[in-house]
Amino acid sequence: MVSRVIPVEPFDLVIFGGTGDLARRKILPSLFRRFIAGQMPDGAQIIGAARAEYDADGYREFVRQSLSEFGPNDASKEVTEAFLNGLGYVAVDAKGTNGWPELASKMRDGHVRAFYFSVAPALFGDLADRLHSYKIALPDSRIVVEKPFGHDLGSAKLLNATLAQHFSEDQIYRIDHYLGKETVQNLMAVRFGNLLFEPLWNAQYIDHVQITVAETVGVDGRGGYYDTSGAMRDMVQNHLMQLLCLIAMEPPAQFDADAVRDEKLKVIRALDPVSPHHTVRGQYSASPDHPDYRAHVGNPRSRTESYVALKTHISNWRWAGTPFYLRTGKRLRARSSEIAVVFKETPHSIFGPEAGSHRNALVIRLQPDEGITMDVTIKEPGPGGMRLIDVPLDMTFAEALGPEVGEVPDAYERLIMDVIRGNQTLFMRGDELEAAWAWTDPIINHWDETKDVPKPYDAGGSGPEDALMLMHRDDRKWREIR
Ligand code: BG6
C-alpha cells in the first residue's frame with residue numbers, strides 16, 4: 001500500500017514568529033517533509049516574518065540549520081536547496097508599521113493566503129489589525145493560531161472576539177496538534193467505518209474509559225510558561241478533551257468540519273462538573289540526574305501541577321453511568337499515550353468463580369507504536385481445566401500496513417496542508433474551545449481558592465499514589481504505563 005499525495009493549490013504562507021521555537025522544531029520541518037513528498041505546488045511561497053533583521057539569504061541559512069537539527073535529514077542537497085529557495089523573509093514590527101508594506105508587496109494574486117500566528121497571544125490582535133489595514137488578508141485568507149488559546153474562559157472569549165473583528169470563523173484555524181496525529185484520526189475511522197463497535201459503544205456495555213498521556217520529559221527550558229499553566233491547562237483542556245470527545249461523540253452525519261465539531265461540542269457541554277474529590281494533582285520529585293519540578297521552573301513555592309488525574313461523567317443517554325478517567329503527567333515512566341475502552345464483564349460466568357474476572361478492552365495507542373489492540377479472553381492453552389487468560393489481538397499499524405506506507409507523518413504536516421486545503425475538520429471551533437474552558441475553569445479555581453498543593457511523585461514512576469486510589473476506590477485500575 002502506498003500513501004497518496006495530492007498536491008495542494010499554490011499558496012503564500014506567512015509564518016509570524018518565523019524564527020521562534022515552534023517554527024524551528026515543527027512548522028518548517030513539516031513543510032519540508034511535505035515538499036519532499038511532492039505535495040507543494042510550484043510557486044508555493046513560505047515567508048518567515050519576525051522582528052529579527054534577516055535578509056532572505058540569512059533566513060535561509062537559519063532554516064537550513066533548523067532542518068539539520070530537527071530534520072528531516074535524509075533529503076538530497078538539491079531537494080534541500082530547492083526548498084530553501086522558495087523561502088522569503090520580512091522583518092516586521094507587529095505593533096508598528098515596519099515591514100508591512102513589504103509583506104503586502106510579496107503576496108501573489110491567485111494564491112491561497114495563510115498566516116500562521118506562531119507568536120504570543122498578546123500579539124494576535126495587532127497582527128490581525130495590520131493584516132486587515134494593509135489589505136494583506138483577503139476575505140478567503142486563513143489564519144492559524146496556536147495554543148495557549150487563552151488562560152481561562154474570559155481570556156479565550158476575548159481572543160475569539162479580537163480575531164472576529166477581522167476574520168470570520170471559517171477563516172480561523174485553531175491548532176490542537178493531537179487532532180493531526182494519525183491514530184487520532186484513525187479513532188474516527190475505527191468508530192465510524194466499522195459496524196462492529198457501535199452497538200456496544202455505550203454505558204450498557206462499556207464499564208469505563210481511561211485516557212492516558214504520559215511523558216518522560218520534564219518542563220526544563222519552558223518553566224516560565226509551564227508554571228503559569230500546569231497540566232490541566234497545558235494538556236487536559238485541549239488534547240485530552242479532544243480525545244474524550246472523539247471517543248464519546250455521536251456519529252456525525254458527514255465527516256465535515258461543522259458536523260464533527262457540532263458533535264464534539266455536545267459532548268463537552270454534557271460533561272458533569274468535576275468534584276474536587278475526583279481530581280489528583282502531582283509534582284515530580286528529583287531523580288539522581290534531574291532536579292524536581294520546582295527547581296526546573298525556578299519557583300520553590302510553586303503550586304502548579306505537572307500531573308493531573310481526574311474522573312468525570314457525561315450526562316447523556318449514551319454515557320450516563322460510565323466514568324471517564326483522564327490522566328497526564330511529565331517525567332513519568334514512559335512516553336505512552338493511549339485510550340482504553342474497557343468493557344463490562346459477561347453477565348454470568350459459565351466457568352465459575354475460579355475463572356476470575358475478565359473484561360475486553362479496546363486500546364487505541366497514540367504513541368509510540370501507533371495501533372489498536374483488543375484484549376480478548378481465551379482459554380489458557382494446555383490440560384488442567386478451564387483457565388481463562390486475556391490476550392491482545394494486536395494491530396500495530398506499521399506492521400499491518402507494511403513498510404511502503406513509510407513513516408507516520410507528523411501531526412503538523414497534515415494540519416498545515418489542511419489549512420491550505422481549507423478543511424477545518426481537525427481544528428477547534430471557537431465555541432468548542434470556550435466550552436472546554438467553561439468546564440476546566442471551576443476545577444482550577446477550586447485548586448486556587450483552597451491553595452491546593454500538588455502531591456510529590458517519583459520521577460520515572462507512574463504518578464502519585466492518590467491517582468491509583470482514584471481508581472481503586474471504584475474497584476478499577478489504571479493500565480500500566482509502559
Ligand atoms: C504540547 C504541550 O501541547 O503537547 C507540551 O504544551 C507537551 O507540554 C506536548 O509536551 C505533547 O505533545 P506530543 O505530541 O509530544 O505528545
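Quick note: residue numbers are just sequence positions, from 1. Order of appearance sets the numbers: ligands from 1, and atoms from 1 within every ligand. Everything quoted here is computed from the prediction, not taken from an experiment.
R294 places no side-chain N or O within 3.5 Å of a backbone atom of N299 that could act as its donor or acceptor partner.
The two residues D458 and S285 have their closest heavy-atom pair at N-OG, 4.4 Å.
In this model, a donor atom of one side chain and an acceptor atom of the other lie less than 3.5 Å apart for S155 and D152.
Between H208 and V341 the shortest side-chain heavy-atom distance does not fall below 4.5 Å. Residues I443 and M232 have side chains in contact (heavy-atom distance under 4.5 Å, counting atoms from C-beta outward).
A ring pair (Phe, Tyr, Trp, His ring centres under 6.0 Å) with F124 is found for one member of F115, F16, F117 and no other, namely F117.
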Are there any protein N or O atoms under 3.5 Å from the N or O atoms of ligand 1? List them with distances, or say none.
unit_1	atom_1	unit_2	atom_2	d
ligand 1	3 (O)	K147	NZ	2.8
ligand 1	3 (O)	H239	NE2	2.7
ligand 1	4 (O)	H239	NE2	3.4
ligand 1	6 (O)	K147	NZ	2.9
ligand 1	6 (O)	R222	NH2	2.9
ligand 1	6 (O)	D234	OD1	2.6
ligand 1	6 (O)	D234	OD2	3.3
ligand 1	8 (O)	R222	NH1	2.7
ligand 1	8 (O)	D234	OD2	2.6
ligand 1	8 (O)	K330	NZ	2.6
ligand 1	10 (O)	E215	OE1	2.5
ligand 1	10 (O)	E215	OE2	3.3
ligand 1	10 (O)	K330	NZ	3.0
ligand 1	12 (O)	H177	NE2	3.1
ligand 1	14 (O)	H177	NE2	2.8
ligand 1	14 (O)	K181	NZ	2.6
ligand 1	15 (O)	R335	NH2	3.1
ligand 1	16 (O)	Y178	OH	2.5
ligand 1	16 (O)	Q367	NE2	2.7

